[in-house]
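Because the structure is predicted, anything quoted here is derived from the model rather than measured. Chain naming here is simple, since letters A, B, ... match the order of the sequence lines and numbering starts at 1 in each.
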Protein chains: 2
Amino acid sequence: MDDKNISQAVIARLPRYYRYLGDLKDNGIERISSQDLSKLMKVTASQIRQDFNNFCGFGQQGYGYNVEYLYNEIAKILGLNEKHNLVIVGAGNLGQALANYMNFERRGFLIKGIFDNNPGLCGKDVRGIGVQHVDKLEEFIKKNDVDIAVLTIPKEGAVKTAEVLVKCGVKAIWNFAHVDLNVPDNIVVENVHLSDSLMKLSYGIVNKKQ
Amino acid sequence: MDDKNISQAVIARLPRYYRYLGDLKDNGIERISSQDLSKLMKVTASQIRQDFNNFCGFGQQGYGYNVEYLYNEIAKILGLNEKHNLVIVGAGNLGQALANYMNFERRGFLIKGIFDNNPGLCGKDVRGIGVQHVDKLEEFIKKNDVDIAVLTIPKEGAVKTAEVLVKCGVKAIWNFAHVDLNVPDNIVVENVHLSDSLMKLSYGIVNKKQ
DNA sequence: AACATATTGACAATCATTTAACAGAATTGT
DNA sequence: ACAATTCTGTTAAATGATTGTCAATATGTT
């Protein structure tokens, strides 16, 4: 992997490319040009070519890009060819909703355990997985080779819990708590701040061009 | 409102400022300089000043920014001083989780109705709100002055449903379906593509600096 | 009241991203 | 087999975002 420093803007666009290429593949399309893809996705063809070239040229002059090949290459770049074990920390509504959402499993994100600090929830079954008490988190993570923790607890305990997770050895935290975590540089944090998103939407309504 | 064109990058940062200012306010802090805020939030002081200046100068030389005033001004910019009525379309796990999450209501986002096309779910009670069949969506939206629809249905029906919602007169769609909606320019769409987020996280793990 | 200090707003400089342009390679059609 | 066409990869230009600097202005101190 020539792992220079690819800009975050490019990385953030890859999942969308991946989605469109998957659709094309499912429709039996074998090849596509940057121009046609640009029309489909409503971005410039130049950006598409520029983006893919960060990963040393998947296309061919006069032909375009092979859909299936490109699809698979992007999967590799995104690490979707590897399996990831994950635990959900926080078995509230959101935690349970994520656990019940099957599609992540199909992409290789395997839910190994669900944890909560509320004894009332422990033992409850969520899609065949029993909710355990957070006391057992550390042992479980080590034993089950977990690399991703999904943090779906209220913001009050999130920073502390994140620190525990890091100590247990997780490599990445998918953070749904509405707070900035404080973890070492080598830990990957991906934030999903739903209320931020809703506020942006609200801004859009109020400041509509019309 | 001098409503020039403020960059999306700035808007995207406002909710985070708002969160930090709220915390400061709750801790009884009355004023803060861009420098102190920069240390707290780990962004440059220059960016903070630049950002706030898009909205014509909330600060004062030699003093800094008044926390409460700034907090309230950002709320206004984000439209949080206005109430928004919303409906949730899709009463699956995610739809129910969002309905159960009280905090949005505190910010003025009032859940007026929940809809699903599955007759089996209709009548089910979610936090005091009965799930209705989508047939009743149009009438309900008009009668209840709904301006935001939360779209939590599988991607297959999402594009069609979004078109219906637009016809019914919603101003904005908070889209959790994993597909790009096709709506007129004056309709605000805020996407929350959870699998995209998870893929970015996966990229981070695989291409870790370490 | 005068001086030292703090701190913004504005502008300039740097850095990053996006778009445009085009040479050159592969494909297609005749 | 040759010419016309289609496209990419690459380089250059344009645009946009972030950071650094500093004069101007307020506050705080003596």
Side-chain angles (χ1 to χ4, degrees), chain A residues 2-17 20-21 24 29-74 77 196 200 203 207, chain B residues 2-17 20-21 24 29-74 77 200 203 207 209:
Chain A
D2 62 335
D3 192 42
K4 13 198 147 179
N5 44 347
I6 290 155
S7 102
Q8 267 311 110
V10 175
I11 304 307
R13 281 192 292 266
L14 290 182
R16 187 156 179 263
Y17 289 128
Y20 274 85
L21 289 165
L24 288 169
I29 313 275
E30 276 179 14
R31 56 185 265 195
I32 192 158
S33 68
S34 60
Q35 199 175 119
D36 289 351
L37 191 56
S38 106
K39 274 174 205 150
L40 202 58
M41 297 185 63
K42 289 168 186 162
V43 297
T44 63
S46 199
Q47 178 164 81
I48 291 173
R49 293 205 296 276
Q50 198 79 277
D51 280 351
F52 292 161
N53 248 93
N54 281 290
F55 313 96
C56 49
F58 298 138
Q60 196 159 43
Q61 280 127 321
Y63 174 88
Y65 297 86
N66 179 285
V67 170
E68 185 153 12
Y69 176 72
L70 185 52
Y71 179 78
N72 290 331
E73 287 302 309
I74 293 179
I77 293 166
D196 289 14
K200 274 198 282 174
Y203 174 88
N207 302 67
Chain B
D2 62 333
D3 192 40
K4 13 194 150 182
N5 44 347
I6 290 153
S7 103
Q8 268 309 111
V10 174
I11 305 307
R13 282 192 291 266
L14 290 182
R16 185 155 181 263
Y17 289 129
Y20 274 85
L21 289 165
L24 288 168
I29 313 275
E30 276 179 15
R31 54 184 265 193
I32 193 156
S33 67
S34 59
Q35 198 175 119
D36 290 351
L37 191 55
S38 105
K39 274 175 206 150
L40 202 58
M41 296 185 62
K42 290 168 187 161
V43 297
T44 63
S46 201
Q47 179 164 79
I48 291 173
R49 294 204 296 277
Q50 198 80 281
D51 281 351
F52 293 162
N53 248 92
N54 280 290
F55 313 95
C56 49
F58 298 138
Q60 197 157 43
Q61 280 125 322
Y63 174 88
Y65 297 86
N66 180 287
V67 170
E68 185 154 11
Y69 175 71
L70 186 51
Y71 179 78
N72 291 330
E73 287 302 310
I74 294 179
I77 293 165
K200 274 199 281 173
Y203 175 87
N207 303 67
K209 47 226 77 165

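When all heavy atoms are compared, the tightest approach of B:Ser34 to B:Ile48 is O-CD1, 3.6 Å.
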- Message: Under the criterion side chain to side chain contact (heavy atoms under 4.5 Å, CB included), I'd like the reasoning laid out for A:Met41 against A:Tyr17: C-alpha separation, chi angles, the key distance, then a yes or no.
- Response: CA-CA 8 Å; A:Met41 297 185 63; A:Tyr17 289 128; 3.6 Å; yes
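Atoms CD (B:Gln47) and C1' (C:dT14) sit 15 Å apart, rounded to a whole Å. In this structure, A:Asn54 places its CG atom 12 Å from C1' of C:dT18, rounding to the nearest Å. For the pair A:Gln50 CD and D:dT11 P, the interatomic distance rounds to 10 Å; values are reported in whole Å. Whole-Å rounding puts the B:Gln35 CD to C:dT5 P distance at 15 Å. The separation between B:Arg49 atom CZ and D:dT25 atom P is 16 Å, rounded to whole Å. D:dC7 atom C1' lies 10 Å from atom CD of A:Gln60, rounded to whole Å. If you measure from atom CD1 of B:Ile48 to atom P of C:dT8, you get 9 Å, rounded to the nearest angstrom. Here C:dA16 presents its P atom at 17 Å from CG of A:Asp51, a figure rounded to the nearest Å.
You'll find a donor-acceptor pair under 3.5 Å spanning the side chain of A:Ser46 and the base of C:dA20, going by distance alone.
The side chain of A:Tyr65 places an N or O atom within less than 4.0 Å of a non-bridging phosphate oxygen (OP1 or OP2) of D:dG9. The phosphate of C:dT7 (OP1 or OP2) has no side-chain N or O of B:Ser34 nearer than 4.0 angstrom. The side chain of A:Asn53 contributes an N or O atom lying less than 4.0 Å from OP1 or OP2 of D:dT10. Contact between the side-chain N/O atoms of A:Ser7 and the OP1/OP2 oxygens of C:dA16 is not found at any separation under 4.0 Å.
A residue-by-residue look at A:Arg31 and B:Phe52 shows that B:Phe52 has its nearest nucleotide of DNA chain C further toward the 5' end. Mapped onto DNA chain D by nearest heavy atom, A:Gly62 and A:Gly59 fall at different nucleotides, with A:Gly62 at the one closer to the 5' end.
Atom CG of A:Leu24 and atom OH of A:Tyr71 lie 11.0 Å apart (nearest 0.5 Å). Of the inter-residue distances, the one linking A:Lys39 atom NZ with A:Ser33 atom OG reads 7.5 Å to the nearest 0.5 angstrom.
Between B:Tyr69 and B:Phe58, the angle of the ring planes goes over 60°, which puts this pair in the perpendicular group of the 30/60° scheme.
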Under-3.5 Å N/O pairs linking protein and nucleotides 13-15 of chain D:
none

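Put simply, the side chain of A:Asn54 gets close to the backbone of A:Asp51: a donor and an acceptor are under 3.5 Å apart.
For A:Ala12, the side-chain contact (heavy atoms from CB on, under 4.5 Å) criterion is met by B:Lys200, not counting sequence neighbours.
Listed nucleotides: C:dT7, C:dA10, D:dT8. Nearest to the side chain of B:Gln61: C:dT7.
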